[in-house]
Amino acid sequence: FRTSPDGQLILYGVSSGGSENVVLRVRDVATGRDVEGPFERNTFDFCVWNPDGRTFFYHQLRDLPADTPPAERYRGIQILQHHMGDDTASDVSVLSAEALDLDDRFFPFIIVDARSGLAFGILTPGTQHGAWFVASIEGLSTGNPRWQPLFALADSVESVIPHGTDLYALTRKGTSRIVRTALHAPNLATAENVMVEGEQRIQGMSGALDGLYVSLFAEGINRITRIPWRGGPVPIDLPPGTSVAESPDIQADPLRAGLLLTLTSWTM
């Protein structure tokens, strides 16, 4: 499930009997009633709200016969945009592999960043890191985004976080590292290293108002380090004997300081 930015609506998916055939609906929190849906043929539980809280984006598989070979079922996935109150028949595609001249077996995903006003499109073959594109949230909201290339598949970029005129990227190309480059002209070859993986594996990163939070793994334990914007790493002290749970991962909000995380231990 995904909660709207104002907390009034919940977009949730149900997969009956473990079928992985996800059906999405929107529930009004105050009344406890569904107000939109069903949205059929969703997959990977993918759905994300636009910061306006009245629009969301979701996966949709093609409408194919039941006897379609499994490998064909996941070709040509679209990300559709839905405005609350509109007929689902008017939902338009805002991202697909075919629209960007990529193999239709690539899976599309969208990340929206409210602070920067940018949306990131990721096209991944499923077993590798994806090709990254960027567009404005404003353009995305019109249903006609102008996706611009950001990183190629060969760059092995796992995640990106914009901050001001900078773009932070976690790349697995060669030695895993977090780099800082120019947001509007990113270049991994000339990017500044912010953190290079050593004895602790870089698990992931998330951006908050007060800096970059990085999940690190060593000796069976996940730890957290905060990197202030334009500052050096500051390890976060966690209760003795605990580890940050791998799922859900660390979750920071670019509009707020700090982050949410889940801790686990031998008895908790």
Side-chain angles (χ1 to χ4, degrees), residues 2 4-6 48-53 55 57 94-95 100 109-123 129-142 144-197 202-216 223-236 249-261:
R2 301 287 184 273
S4 64
D6 61 9
V48 60
W49 285 98
N50 188 308
D52 66 11
T55 309
F57 309 98
V94 293
L95 181 64
L100 295 174
F109 297 93
I110 286 177
I111 298 171
V112 293
D113 185 88
R115 190 177 185 203
S116 67
L118 297 176
F120 298 94
I122 308 102
L123 280 300
H129 301 102
W132 288 75
F133 298 81
V134 63
S136 69
I137 293 177
E138 182 180 3
L140 185 63
S141 299
T142 67
N144 188 31
R146 298 179 60 185
W147 294 108
Q148 301 295 320
L150 194 67
F151 294 112
L153 197 65
D155 290 326
S156 298
V157 170
E158 186 170 293
S159 60
V160 303
I161 295 171
H163 179 74
T165 59
D166 295 327
L167 183 68
Y168 292 77
L170 170 56
T171 173
R172 302 294 187 184
K173 187 175 183 178
T175 301
S176 294
R177 58 195 177 115
I178 297 172
V179 300
R180 179 168 51 231
T181 184
L183 175 59
H184 297 293
N187 187 334
L188 289 184
T190 59
E192 175 188 354
N193 286 336
V194 173
M195 176 179 285
V196 178
E197 186 170 276
I202 300 174
Q203 296 284 78
M205 64 178 186
S206 192
L209 190 61
D210 60 338
L212 196 66
Y213 285 84
V214 182
S215 175
L216 300 169
R223 300 174 173 86
I224 297 292
T225 287
R226 181 172 67 89
I227 304 176
W229 303 119
R230 295 290 178 178
V234 180
I236 303 297
D249 201 358
I250 56 176
Q251 300 175 55
D253 183 337
L255 301 178
R256 301 178 64 182
L259 80 161
L260 294 174
L261 52 81

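Given the structure is predicted, the values throughout are model-derived calculations rather than measurements.
- Put simply, the side chain of Trp49 never gets that close to the backbone of Val112: no donor and acceptor are under 3.5 Å apart.
- The structure places CG of Leu259 at 6.0 Å from CD1 of Ile224, a figure rounded to the nearest 0.5 Å.
- Taking all atoms of both residues into account, the shortest heavy-atom contact from Gly258 to Ala252 is O-CB, 3.9 Å.
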**OP:** Before giving the answer on side-chain contact (heavy atoms from CB on, under 4.5 Å), spell out for His184 and Thr165 the whole-Å C-alpha distance, their side-chain angles and the decisive distance to 0.1 Å.
**Re:** CA-CA 7 Å; His184 297 293; Thr165 59; 5.8 Å; no

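- For the side-chain contact (heavy atoms from CB on, under 4.5 Å) test, residues two or more places apart in sequence or in another chain that qualify with Asp210 are Ala208, Tyr213, Arg226, Ala257.
- Of the possible donor and acceptor atoms, one in the side chain of Thr181 sits under 3.5 Å from a partner among the backbone N and O of Asn187.
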Subject >> Chi angles and distances behind the side-chain contact (heavy atoms from CB on, under 4.5 Å) call for Leu140, Asn50 >> reply: CA-CA 9 Å; Leu140 185 63; Asn50 188 308; 5.5 Å; no

**OP:** Output, in order, the C-alpha distance, side-chain angles, deciding distance and verdict of ring-ring contact (aromatic ring centres under 6.0 Å, His included) for Trp147 and Phe120.
**Re:** CA-CA 9 Å; Trp147 294 108; Phe120 298 94; 8.8 Å; no

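- Here the CZ-CG distance, from Arg177 to Asn193, works out to 5.0 Å after rounding to the nearest 0.5 Å.
- Nearest approach of Leu123 to Leu153, heavy atoms of both residues: O-CD1, 4.4 Å.
- In terms of heavy-atom proximity, Leu150 sits nearest to Pro186 at CD1-CG, 3.6 Å.
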Going by atom type alone, with no hydrogens or angles, which donor-acceptor pairs under 3.5 Å involve a side-chain atom of residues 157-164 and a protein atom two or more places apart or on another chain?
residue : atom : partner : partner atom : Å
Glu158  : OE1  : His129  : NE2          : 3.2
Glu158  : OE1  : Arg172  : NE           : 3.0
Glu158  : OE2  : Arg172  : NH2          : 3.3
His163  : ND1  : Arg115  : NH1          : 3.1

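- Taking 4.5 Å as the limit, every side-chain heavy atom of Asp166 sits out of range of all side-chain heavy atoms of Leu183.
- Residues Leu255 and Leu209 are not in side-chain contact: their nearest non-hydrogen atoms beyond the backbone lie 4.5 Å or more apart.
- The shortest distance between side-chain heavy atoms of Leu167 and Phe151 falls below 4.5 Å.
- Closest heavy-atom contact between Leu170 and Met205: N-CE, 3.5 Å.
- Formation of a donor-acceptor pair under 3.5 Å by the Gln203 side chain with backbone atoms of Leu216 is not found in this model.
- Residue Glu197 qualifies as enclosed at atom CD: its count of foreign heavy atoms under 6.0 Å is above 12.
- Nearest heavy atom pair, residue Ala119 against residue Ile137, reads N-CG1, 3.9 Å.
- Residues Leu100 and Leu95 meet the side-chain proximity criterion, which asks for heavy atoms closer than 4.5 Å.
- Distance check: Ile111 CD1 to Phe57 CZ gives 13.0 Å after rounding to the nearest 0.5 Å.
- For the atom pair CG of Asp253 and OG of Ser206, the computed distance is 9.0 Å after rounding to the nearest 0.5 Å.
- Counted by atom type alone, Asn144 and Thr142 present zero donor-acceptor pairs between their side chains at under 3.5 Å.
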**OP:** Any chance you could lay out the side-chain contact (heavy atoms from CB on, under 4.5 Å) test for Val234 and Thr225, step after step, and finish with the verdict?
**Re:** CA-CA 6 Å; Val234 180; Thr225 287; 5.6 Å; no

Original post:
How far apart are the C-alpha atoms of Val179 and Tyr168, what are their side-chain angles, what is the distance that settles it, and do they pass the side-chain contact (heavy atoms from CB on, under 4.5 Å) test?
Top reply: CA-CA 6 Å; Val179 300; Tyr168 292 77; over 6 Å; no

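- Side-chain atoms of Thr171 and Asp155 include no donor-acceptor pair closer than 3.5 Å.
- Judged as a salt bridge (charged side-chain N to carboxylate O under 4.0 Å, His left out), the pairs with a partner in residues 178-195 (not counting sequence neighbours) are, in order, Arg180-Glu192.
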